[in-house]
Number of protein chains: 2
Amino acid sequence: MKRSKQPTIVDVASEAGVSIATVSNVLNRRKVPMSPETIRKVEEAVVQLGYRRNVMATNLSRRRSYELGLIIPHFGGYYGRFAEKLEQKVHSFGYHLSVFSAAGMDPVIEKRHLEHLLQRRVDGLVSHGLAMSMQSTQQLVGEGTPLVIFNGWGWPSDIVKLAVNLDFAKASTEAVQHFLAGGCRSIIYAGRRKGMGANEQRIQGFMEGLGDKAKSTVHALLDAGELGIEGTLEEALRISGEQRPIGIYTFNDALALELLAVCHERGIRVPEDVQLIGMDNELFSKSSFPSITSFDMPVELQTRLVAAFLMRQIGEDLDEENTQLLDEYLPHIHGHELFIDLEMIVRKSTTT
Amino acid sequence: MKRSKQPTIVDVASEAGVSIATVSNVLNRRKVPMSPETIRKVEEAVVQLGYRRNVMATNLSRRRSYELGLIIPHFGGYYGRFAEKLEQKVHSFGYHLSVFSAAGMDPVIEKRHLEHLLQRRVDGLVSHGLAMSMQSTQQLVGEGTPLVIFNGWGWPSDIVKLAVNLDFAKASTEAVQHFLAGGCRSIIYAGRRKGMGANEQRIQGFMEGLGDKAKSTVHALLDAGELGIEGTLEEALRISGEQRPIGIYTFNDALALELLAVCHERGIRVPEDVQLIGMDNELFSKSSFPSITSFDMPVELQTRLVAAFLMRQIGEDLDEENTQLLDEYLPHIHGHELFIDLEMIVRKSTTT
DNA sequence: CTGTTAGCGCATTCAA
DNA sequence: TTGAATGCGCTAACAG
């Protein structure tokens, strides 16, 4: 070791008795022909000195970082699973994924993370439908770095290259129809205004699901964030009056579980008096009592699409499989928004 | 914009009509005196060109990254909360936190992430008790980068500067005694061998909790990973025979919830026939039916300690608050392992 | 096959 | 107050 601390290729070169270019060549397994002897000497020197490449220098020189950034509202549940899957996918392309949580839907933190990622010159960005304004995003990201959104609606294509969205609207329609088929005489949506686009999608699908039954069926849109859990249930009961059973479709499973707990407290039977459908298919939804009907999130497909598209955008060439994947899905795109179906998992909260 | 893409300080300098040194000075708000006019011109040029600093170049030059790395087994539950909190803490010191999930306890992925972080020359590392061998860790991390472990036991101090551990042993003792006080006549621990150190800590505390009652009380250590959920319950029932109620202490809340589900299926009453205590105080534990007695994880305290210690290790000077924090806790250290108490949250799964 | 050299974008003396 | 010069660790032509 020469100067302050960690050995550099200069050290390795002198230790191996070759030039730094040679070291760089063997380190990067370049196609230039070299004698096995040289290779051996270099590799020996590397372990000998405990050399570790400095990626900052490498990237600076390469003018590429081989790094991608992901911004999610939090690490829990669906988002955490998404992050893990995506990490695997991009790794198979030789990229690293840096994950940042925006602490809820805080636009300030979101902005900070985005800025940091950009300063790090990531080659691409993936984000949930951002809470920050489209204008800020536009200004921040600009043309330079390709940005792919997941579960974000209404983003102009000059900012976002592609939006890979779960079809919450369609799922919501399905939920309502499931309630109807299950004999529900009143149907409530318990949402979260802070859910932003995802919430609106659900509402839209909810109304579509009611269709002509909208007039003959008691229904309402509630905001659980505002009313609280107890308030939401009370309001649902009040609105429904004698029209039982009540079908309550919730923003997510967590909310459904909380409602379930309140039902237990008050002796309201599920699914006899109240039927519940959640969203996310969290682990606990299978094990709760009764188990909760929910929609499974196709994280695998979603991350595969995101990764494949981003890779192509960056200029990596795709293998057969990924090419096929894009060929299959991109033609069915609405503008630049792609929709993926969710699968309903029917459980005891809607089945007698 | 001059060459390939993004503007550099050179561009800013020429746009503002000053030298790059000056640009650098105003960008870093250095103490060197400069005319307000110059500052204005530079700042104007910055927004004008949409200049964004390149951290790779900055760090390379500074020989510091102001970045920390965190490795966790997954993003869910406790670990996700830990990551979020820690991110906040280190940010207040002007550092960034890059979080990587090791996809369970996979030593290979763990190693890959560690190596990447090291290549990025992070200033410090935080990790859960690693699954990879201490020898690999030793070799990988060496002396260079300070490493702080959380929930890892038995790491030699030449590898790990500090281990900030939750006192699972003590909590487990408490759990057993709670069962005893609650009239349990047989007590089972349902663990996970893959939980590694955390599992052993629980077992140790479990046995201590039994104390002299160990002979007179039916008890057993089961491995839920091996037996499966149903198998675990069956085995617990078999071992207990007529000795009811049975107290089952589980590795975590997720496991407790799954056992609860099986109990419901089989008509086993909780808490009359079986009492349950979990660990983690997950959100669903409060809302399950019945709600699950659990231990709350003091993530706030744990991350504060980790951050404060790491910052001091790196050479940042701490404010009053953090100094006090370390002064309070470090003296009570066992070797280089710090223990933090957990708080039991008593709920319906253990209360009649 | 191997070595020389010119950057990559920025920080930091040291002079002016 | 400001600017020219040097270095951070590595890549990538280009010679040899």
Side-chain angles (χ1 to χ4, degrees), chain A residues 1-42 45-46 49-67 118-123 144, chain B residues 1-42 45-46 49-67 118-123 144:
Chain A
M1 294 178 219
K2 254 165 60 176
R3 38 192 108 243
S4 62
K5 212 68 183 175
Q6 311 238 36
T8 74
I9 49 170
V10 177
D11 302 313
V12 176
S14 76
E15 171 80 16
V18 297
S19 78
I20 63 165
T22 304
V23 174
S24 177
N25 280 335
V26 3
L27 251 42
N28 296 301
R29 307 180 189 345
R30 293 245 174 62
K31 50 281 159 191
V32 295
M34 332 172 249
S35 76
E37 175 60 11
T38 317
I39 297 182
R40 196 189 54 71
K41 277 195 301 185
V42 171
V46 165
L49 268 49
Y51 167 79
R52 172 149 39 219
R53 137 201 261 132
N54 182 325
V55 291
M56 295 185 288
T58 303
N59 293 345
L60 188 59
S61 187
R62 281 207 180 114
R63 317 173 101 239
R64 296 266 325 253
S65 67
Y66 286 97
E67 211 180 302
L118 256 13
Q119 288 191 170
R120 236 156 66 181
R121 298 296 191 268
V122 292
D123 297 330
Chain B
M1 293 178 223
K2 253 166 58 177
R3 41 192 104 241
S4 61
K5 214 65 184 174
Q6 311 237 40
T8 73
I9 50 169
V10 177
D11 303 313
V12 176
S14 77
E15 171 81 15
V18 298
S19 81
I20 64 165
T22 304
V23 174
S24 177
N25 280 334
V26 5
L27 251 40
N28 295 301
R29 309 180 190 339
R30 293 243 174 62
K31 51 280 157 191
V32 296
M34 328 172 255
S35 76
E37 174 60 11
T38 317
I39 297 182
R40 197 190 53 71
K41 279 195 302 185
V42 171
V46 165
L49 267 49
Y51 167 79
R52 172 150 36 219
R53 140 202 255 127
N54 182 324
V55 291
M56 296 185 287
T58 303
N59 293 344
L60 189 58
S61 188
R62 282 207 179 112
R63 315 170 107 245
R64 293 272 320 258
S65 66
Y66 286 95
E67 210 179 304
L118 256 13
Q119 288 191 170
R120 240 160 59 185
R121 298 295 190 269
V122 292
D123 296 331

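Lettering follows sequence order; numbering is per chain, from 1. Basis for what follows: all heavy atoms, side chains included, without hydrogens, waters or symmetry-related copies.
Within the nucleic acid shown, A:Thr58 comes within 4.0 Å of sugar-phosphate atoms alone, with no base atom in reach, counting heavy atoms only. Within 4.0 Å of B:Asn59, counting heavy atoms only, lies no atom of the nucleic acid at all.
Within the 4.5 Å cutoff, side-chain heavy atoms of A:Met34 are placed close to those of A:Val26. With contacts defined as side-chain heavy-atom distances shorter than 4.5 Å, the pair B:Ile9/B:Tyr51 qualifies. Side-chain atoms of A:Val46 and A:Leu27, non-hydrogen and from C-beta on, do get closer than 4.5 Å to each other. No side-chain heavy atom of A:Arg121 sits less than 4.5 Å from a side-chain heavy atom of A:Asn59. Between A:Arg120 and B:Glu67 the shortest side-chain heavy-atom distance falls below 4.5 Å. Side-chain contact between B:Val122 and B:Arg64 is absent, with no heavy-atom pair separated by less than 4.5 Å. Contact annotation: the side chain of A:Leu60 approaches that of B:Asn54 to within less than 4.5 Å [non-hydrogen atoms, C-beta and beyond].
Per the geometry, OH belonging to B:Tyr66 stands 12 Å off C1' belonging to C:dA11, to the nearest Å. One interatomic measurement links the two molecules: CD1 of B:Ile39 to P of D:dT1, which rounds to 9 Å at whole-angstrom precision. When the P atom of C:dG3 is taken as reference, atom CE of A:Met34 falls 12 Å away, rounded to whole Å. Rounded to whole Å, the distance from CZ on A:Arg62 to C1' on D:dA13 is 15 Å. Counting to the nearest Å, the P atom of D:dG7 and the CD1 atom of A:Ile9 are 16 Å from each other.
An OP1 or OP2 oxygen of D:dT11 is reached within less than 4.0 angstrom by a side-chain nitrogen or oxygen of A:Arg53. Between C:dC8 and B:Thr8, no contact under 4.0 Å exists linking OP1 or OP2 to a side-chain N or O. Using a 4.0 Å cut-off, some side-chain N or O of A:Ser24 falls inside it from OP1 or OP2 of D:dT11. Phosphate proximity of D:dG9 to B:Arg63: present, with a side-chain N or O under 4.0 Å from OP1 or OP2.
The side chain of A:Leu60 has C:dG9 as its nearest neighbour among C:dG9, D:dC10, C:dA11.
With hydrogens and angles ignored, no donor-acceptor pair under 3.5 angstrom links the side chain of B:Ser61 to the base of C:dG9.
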All N/O contacts under 3.5 Å from nucleotides 3-5 of chain D to the protein, with atom names and distances to one decimal?
from, atom 1, to, atom 2, distance (Å)
D:dG3, OP2, B:Ser19, N, 2.7
D:dG3, OP2, B:Ser19, OG, 3.4
D:dG3, OP2, B:Thr22, OG1, 3.2

